[in-house]
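So the structure is just underneath, and the comments pick up after that.
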Amino acid sequence: AQSVTQPDIHITVSEGASLELRCNYSYGATPYLFWYVQSPGQGLQLLLKYFSGDTLVQGIKGFEAEFKRSQSSFNLRKPSVHWSDAAEYFCAVALNSGGYQKVTFGTGTKLQVIP
Amino acid sequence: ETGVTQTPRHLVMGMTNKKSLKCEQHLGHNAMYWYKQSAKKPLELMFVYNFKEQTENNSVPSRFSPECPNSSHLFLHLHTLQPEDSALYLCASSQDYPIIPNYGYTFGSGTRLTVV
């Protein structure tokens, strides 16, 4: 069964510092990969996705993610974090299984930004 | 405003109550989903509707009863819930199903449900 691991439950970074959130998946084939962000009291908003092609994908709000097949990873990065980036971030893996979508979300990483 | 609207935002109900959650989207999407988000657990898919027809029911207890009268509206009827059902219930939509949507899923802001 496919699984998604976000090993960091909580991360604190200083405003202006760089950020990397980790995501590893477990599946034999290359799935479709997503990163979502959830601000307090809100639903999930799509940041970026990887389907195929260039392994470095750009998203909204200055985020990017790199797909590394050899490491089964899809880590999210931002060069300089802003206070408004404080939120919870979810990695998701999707694949077609038996003709149906199978989407699995990670447990999330909560980002705290300090001055 | 994401395009998917959920009401109410907060709901407190007793275990013997009956209540309903509502979700509405006018994005022209054909598929709608109910997810349950509990603390420290991954999002759990509950139900999928495609063109108003229920396509998936992920072993959800019968005290949760979905209804999809048209492609724009989705309800979750609740009755005789348990305290462990307290969670954030998220509605989502996508253009297509079962094809994985190229533009991801559009989520509502959720209903924070507390069962007392």
Side-chain angles (χ1 to χ4, degrees), chain A residues 1-10 23-27 29-53 57 59-60 63 65 74 87-110, chain B residues 1-10 21 23-25 27 29-50 53-58 74 87-112:
Chain A
Q2 66 190 69
S3 65
V4 180
T5 303
Q6 292 182 248
D8 303 306
I9 297 172
H10 191 274
C23 174
N24 293 92
Y25 65 91
S26 170
Y27 187 68
T30 299
Y32 301 96
L33 299 158
F34 303 83
W35 273 101
Y36 286 85
V37 60
Q38 185 177 32
S39 299
Q42 300 297 315
L44 280 70
Q45 180 185 19
L46 180 67
L47 278 177
L48 47 79
K49 65 185 188 292
Y50 173 78
F51 278 20
S52 65
V57 294
I60 62 171
F63 285 91
F74 188 57
E88 191 157 17
Y89 292 80
F90 293 89
C91 181
V93 166
L95 54 90
N96 286 316
S97 175
Y100 291 94
Q101 296 174 11
K102 190 77 175 169
V103 182
T104 303
F105 286 84
T107 50
T109 297
K110 191 164 286 188
Chain B
E1 186 59 51
T2 66
V4 177
T5 303
Q6 288 188 245
T7 53
R9 292 296 302 272
H10 300 273
L21 310 185
C23 176
E24 186 173 351
Q25 59 92 6
L27 301 169
H29 289 173
N30 298 315
M32 296 185 77
Y33 311 76
W34 279 116
Y35 278 91
K36 178 182 178 182
Q37 185 178 28
S38 305
K40 300 180 182 177
K41 293 175 69 175
L43 265 71
E44 301 171 59
L45 179 64
M46 301 174 72
F47 301 103
V48 182
Y49 276 81
N50 189 38
E53 299 297 320
Q54 188 178 124
T55 307
E56 284 193 51
N57 174 344
N58 280 344
L74 184 65
L88 181 68
Y89 288 84
L90 291 167
C91 175
S93 70
S94 67
Q95 180 65 51
D96 301 304
Y97 186 87
I99 301 169
I100 293 168
N102 190 41
Y103 295 100
Y105 306 86
T106 302
F107 283 85
S109 298
T111 295
R112 173 68 64 185

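Model, not experiment: these values are computed from the prediction. Hydrogens, waters and symmetry mates play no part in the numbers below; they use all other heavy atoms, side chains included. Below, chain A is the first sequence line, B the second, and so on; all start at residue 1.
Annotation: side-chain hydrogen bond (donor to acceptor under 3.5 Å, both in side chains) contacts of B/Gln25 (sequence neighbours excluded): none. Take B/Glu56 and apply the salt bridge (Lys or Arg N to Asp or Glu O under 4.0 Å) test, not counting sequence neighbours, and it matches no residue.
For B/Leu90, the part sitting under 4.5 Å from any heavy atom of chain A is the side chain, from C-beta outward, and nothing else. Heavy-atom distances place both the backbone and the side chain of B/Tyr105 under 4.5 Å from chain A. Looking at B/Arg112, neither its backbone nor its side chain comes within 4.5 Å of chain A, counting heavy atoms on both sides. With a 4.5 Å cut-off on non-hydrogen atoms, B/Asp96 touches chain A through its backbone but not through its side chain. No part of B/Gln6 comes within reach of chain A, as not one of its non-hydrogen atoms sits under 4.5 angstrom from that chain. Neither the backbone nor the side chain of A/Gln45 comes within contact range of chain B; no heavy atoms are under 4.5 Å apart. At a 4.5 Å heavy-atom cutoff, the contact between B/Tyr33 and chain A is made by side-chain atoms alone.
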Could you walk me through whether B/Leu43 and B/Lys36 satisfy the side chain to side chain contact (heavy atoms under 4.5 Å, CB included) test, starting with their C-alpha distance in whole Å, then the side-chain angles of each, then the deciding distance to 0.1 Å, before giving a yes or no?
CA-CA 6 Å; B/Leu43 265 71; B/Lys36 178 182 178 182; over 6 Å; no
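In this structure, B/Glu24 CD and B/Leu74 CG are separated by 11.0 Å, a value rounded to the nearest 0.5 Å. Here A/Phe90 contributes atom CZ and A/Phe34 contributes atom CZ; the two are 15.5 Å apart, rounded to the nearest 0.5 Å. In this structure, A/Gln38 CD and A/Leu47 CG are separated by 12.0 Å, a value rounded to the nearest 0.5 Å. Rounding to the nearest 0.5 Å gives a distance of 7.5 Å between OG1 of A/Thr109 and CD of A/Glu88.
Among A/Val4, A/Ile9, A/Val103, the residue making the largest number of heavy-atom pairs under 4.5 Å with chain B is A/Val103. With chain A as the partner, the residue from B/His10, B/Arg9, B/Lys40, B/Gln37 showing the most heavy-atom pairs under 4.5 Å is B/Gln37.
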